[in-house]
Amino acid sequence: LWLPVALAAGGTLAIFGMAGVPVQLLVVLGLLLVLGTGVDYGVFIDELHGRPRAFVAVSLAAIATMISFGLLALSSTPALRAFGLTILVGNGLVWLLAPCFRHTRSAR
């Protein structure tokens, strides 16, 4: 459940490195928020055994988070822009990676 979050955090830092975005304190704090939401996404997808409504619920939560915090990326204040961009990219990556790493259950 932690692997998609770790890959998303690494991917976010890699994207920021390629784009030349400096890593500052609010980027690290944004990654902590991505850690919290990303683990929740993984838990819900894994515990509901890949039911379509679980993916819809996680998708709606991820989209709402990306929109609300991602709007901070449009701010003219550099700290808010970095925080919003971190959460936008990090949550997007977790949302894409979480369904790929769910556990397979054996038939009972």
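Here the CG-CG distance, from L97 to L7, works out to 6.0 Å after rounding to the nearest 0.5 Å. Atoms CZ and CG, on F55 and L60 in that order, are 10.0 Å from each other to the nearest 0.5 Å. One distance of note links OG1 of T65 with OH of Y41; it measures 3.5 Å at 0.5 Å rounding. With rounding to the nearest 0.5 Å, the separation of CG in L26 from CG in L85 is 12.0 Å.
The side-chain contact (heavy atoms from CB on, under 4.5 Å) test with F69 singles out one residue from V34, I87, L88, L80, and that residue is I87.
Under the 4.5 Å side-chain heavy-atom criterion for grouping Ile, Leu, Val, Met, Phe, Trp and Tyr, L25 is connected to F83 within one hydrophobic cluster.
For I67, the side-chain contact (heavy atoms from CB on, under 4.5 Å) partners are I63, L71, not counting sequence neighbours. Applying the side chain to side chain donor-acceptor pair (under 3.5 Å) criterion to T37, with sequence neighbours excluded, gives N91. Scanning for side-chain contact (heavy atoms from CB on, under 4.5 Å) contacts around V28 gives V23, with sequence neighbours left out. Partners of L96 according to the side-chain contact (heavy atoms from CB on, under 4.5 Å) rule, which considers only residues two or more places apart in sequence or in another chain, do not exist here. With sequence neighbours left out, the side chain to side chain donor-acceptor pair (under 3.5 Å) criterion links S59 to W95.
Sequence neighbours left out, not one pair with a member in residues 2-20 passes side-chain hydrogen bond (donor to acceptor under 3.5 Å, both in side chains). Within the structure, side-chain hydrogen bond (donor to acceptor under 3.5 Å, both in side chains) pairs that include any residue of residues 73-87 do not occur (at least two apart or interchain).
Side-chain contact between V39 and L35 is present, with heavy atoms from C-beta onward closer than 4.5 Å.
When every heavy atom of A8 is checked against every heavy atom of G90, the shortest pair comes out as CB-O, 3.8 Å. Shown here for Q24 and P78, the closest heavy-atom pair between the two residues is NE2-O, 3.8 Å. Closest approach of L72 and G84 over heavy atoms only: CB-CA, 3.7 Å.
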